[in-house]
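Each remark here refers to the structure printed beneath this line.
Atom set for the values below is all heavy atoms of this structure, side chains included, hydrogens, waters and symmetry mates excluded.
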Amino acid sequence: MQSADPRWSDVDDYIVEHLIGEDLVLDACLTANAAAGLPPIDVSITQGRMLELLARANRAENILEIGTLGGYSAIWLARGLGEGGKLVTLELEPEYATVALQNIVNAGLDDKVDILVGEAAGTLENLLKQAGAPFDLVFVDADKQNYAVYLDYAIKLSRPGALLIFDNVVREGGIIDPKSDDPKVPGTRELYEILKNNPKADATAIQTVGAKKWDGFLMAVVREE
Ligand code: SAH
Ligand code: DHB
Ligand code: MG
C-alpha cells in the first residue's frame, strides 16, 4: 500500500485557501459528526465543492444521493441546487440520519433535502414505483458491495443526460487487483465491468490524491439515445 505524501494535504489546504475559503457551517457539520461518533469518511472539502459545482453546472433540480452519513456531501450538493430544487438522500443508519438532519437544518437547507432511512435498495425500489421527477444527478457513496445494484437504479431513475458520480473507485490502486483482500473492491470492479461498452452510459474515472489519500470518482452520463 502506498503511503500518503504530506504534500497532498498541503496542496488541498492551498486549494481551499484560494478557491473555497472558510466555511463555518461545514466545519460545524464535521465537529457534530465527530461528537456523535460517526466515522470520518465524508468527502473532502475540495471534493464537496466539486459536487456543488457539478450540480450547478448541470442546472440540477433533482439530485439523489445514496449514503448520507452526517450530511456533509448532502450540504454541498444541496448548495448546488437552483431555486426550488430538491435533494433526496438515502441512509441505512437512523442515528446517522438524525445527525445529518440536524446538520442540514443548521445549514438552512432542510426545505431542500429529504433523508430517507433504510436499506438503499428497498428505498430505490419505492422511488422507482413512485416514478416522480427523474433525477438530473446521482451521487453514490454507500456500501461499495452494491455499486452495481445502485448503477442499475441510478440509470432507471434518471433522465437522459443525467450525471452519475460514484465515490471511492480507486481505493489506493486496489481496484486493479482482482485478488484484493479489501471486501469493497469486488463490488467496485463490478461497476467498471458493467460500464465497459455499456450502451446506456458513457463513463470515465478520475484519480484523486489529497486529504482523502489516493482514491477517485467515477463519472457517467446517461445516454440521450
Ligand atoms: N456521502 C457521505 C459519506 C457516506 S459514508 C459524505 O461524503 O458526507 C457511507 C454511508 O452509507 C454510511 O453512512 C453508511 O451507513 C451508508 N450505508 C451503508 N450501507 C447502506 C445501505 N445498504 N443503504 C443505505 N445506506 C448505506
Ligand atoms: C469508506 C467509505 C467511504 O465512502 C469513503 O469515502 C471512505 C471510506 C469506508 O467505508 O471505509
Ligand atoms: Mg466515499
Side-chain angles (χ1 to χ4, degrees), residues 1-2 41 43-44 46-48 50-67 73 77 80 87-90 92 119-210 212-225:
M1 188 81 69
Q2 227 81 16
I41 54 175
V43 294
S44 71
T46 55
Q47 292 169 338
M50 190 185 78
L51 292 174
E52 178 194 354
L53 296 180
L54 286 172
R56 205 194 302 165
N58 284 282
R59 294 182 160 61
E61 289 180 359
N62 289 290
I63 301 179
L64 171 66
E65 176 179 67
I66 307 177
S73 55
L77 286 165
L87 165 71
V88 176
T89 180
L90 316 188
L92 176 64
E119 280 280 355
T123 308
L124 290 163
E125 190 58 33
N126 289 339
L127 288 172
L128 200 55
K129 284 191 193 121
Q130 289 164 17
F135 293 103
D136 310 297
L137 192 160
V138 182
F139 177 53
V140 184
D141 193 19
D143 47 326
K144 319 307 169 198
Q145 289 81 347
N146 278 319
Y147 266 18
V149 173
Y150 298 149
L151 172 68
D152 194 43
Y153 279 111
I155 291 175
K156 286 183 182 149
L157 285 163
S158 58
R159 65 161 170 81
L163 176 61
L164 317 180
I165 306 167
F166 290 77
D167 193 23
N168 311 113
V169 298
V170 173
R171 310 204 69 86
E172 300 188 66
I175 198 63
I176 57 169
D177 177 6
K179 298 194 190 73
S180 168
D181 53 12
D182 176 349
K184 292 165 185 161
V185 162
T188 311
R189 284 173 61 86
E190 209 184 332
L191 175 71
Y192 284 90
E193 291 301 333
I194 295 170
L195 284 167
K196 192 173 180 179
N197 300 319
N198 191 308
K200 292 187 180 151
D202 299 303
T204 189
I206 294 293
Q207 304 187 64
T208 56
V209 295
K212 300 256 345 230
K213 299 196 205 160
W214 175 24
D215 212 327
F217 281 113
L218 187 146
M219 303 175 125
V221 171
V222 179
R223 282 213 185 140
E224 307 267 358
E225 296 300 323

Original post:
Which distance, rounded to the nearest 0.5 Å, do you find between the CG of L137 and the CG of L87?
Top reply: 9.5 Å
Subject >> Minimum heavy-atom distance between L218 and V169, given as atom pair plus value >> reply: N-CG2, 3.5 Å
Original post:
CG of L124 to CG of L64: how many Å apart, nearest 0.5 Å?
Top reply: 6.0 Å
Original post:
Do other residues, nucleotides or ligands put more than 12 heavy atoms under 6.0 Å from the CG atom of L128?
Top reply: yes
Subject >> Sole candidate of I63, V221, V222 that passes side-chain contact (heavy atoms from CB on, under 4.5 Å) when paired with L163 >> reply: V221
Subject >> Y147 and E190, any side-chain heavy atoms less than 4.5 Å apart >> reply: no
Subject >> Note, R59 side chain near D136 side chain (heavy atom, < 4.5 Å) >> reply: no
Subject >> Between OG on residue S158 and CG on residue N62, distance to nearest 0.5 Å >> reply: 11.0 Å
Original post:
Are D182 and K179 ion-paired here, with the side-chain N under 4.0 Å from a carboxylate O?
Top reply: no
Original post:
Quick check: are there more than 12 heavy atoms from other residues, nucleotides or ligands sitting under 6.0 Å from CG of L53?
Top reply: yes
Subject >> Heavy-atom pair with the smallest gap, counting every atom of P199 and R223 >> reply: O-NH1, 3.3 Å
Original post:
Nearest heavy-atom pair of I155 and K200: which atoms, and what distance?
Top reply: CG2-CD, 4.0 Å
Original post:
Closest approach of A142 and Y150, non-hydrogen atoms and distance?
Top reply: CB-CE1, 4.1 Å
**OP:** Report the C-alpha distance between F135 and V88 in whole Å, list the side-chain angles of each, state the deciding distance to 0.1 Å, and finish with yes or no for side-chain contact (heavy atoms from CB on, under 4.5 Å).
**Re:** CA-CA 9 Å; F135 293 103; V88 176; 4.2 Å; yes
Original post:
What is the distance from atom CG of L164 to atom CE of M219, rounded to the nearest 0.5 Å?
Top reply: 10.5 Å
**OP:** Find out whether V138 and L157 are in side-chain contact, i.e. whether some heavy atom of one side chain is under 4.5 Å from a heavy atom of the other.
**Re:** no
Subject >> Between K156 and Y153, a side-chain donor and acceptor under 3.5 Å >> reply: no
Subject >> Test log, rule side chain to side chain donor-acceptor pair (under 3.5 Å), inputs K184 and N168 >> reply: CA-CA 9 Å; K184 292 165 185 161; N168 311 113; over 6 Å; no
**OP:** Compare all side-chain heavy atoms of F166 with those of T188 and state whether any distance is below 4.5 angstrom.
**Re:** no
**OP:** Could you pull out the closest heavy-atom pair between R171 and D215, with the gap in Å?
**Re:** N-OD1, 3.1 Å
Subject >> Between CG on residue D177 and CD on residue E172, distance to nearest 0.5 Å >> reply: 13.0 Å
Subject >> Distance, nearest 0.5 Å, that separates OG1 of T204 from CG of L195 >> reply: 11.0 Å
Original post:
So which heavy atom on L77 is nearest to which on L51, and how close?
Top reply: CD2-CB, 3.7 Å
Original post:
Taking C-beta and beyond as the side chain, do F217 and D167 meet within less than 4.5 Å on heavy atoms?
Top reply: yes
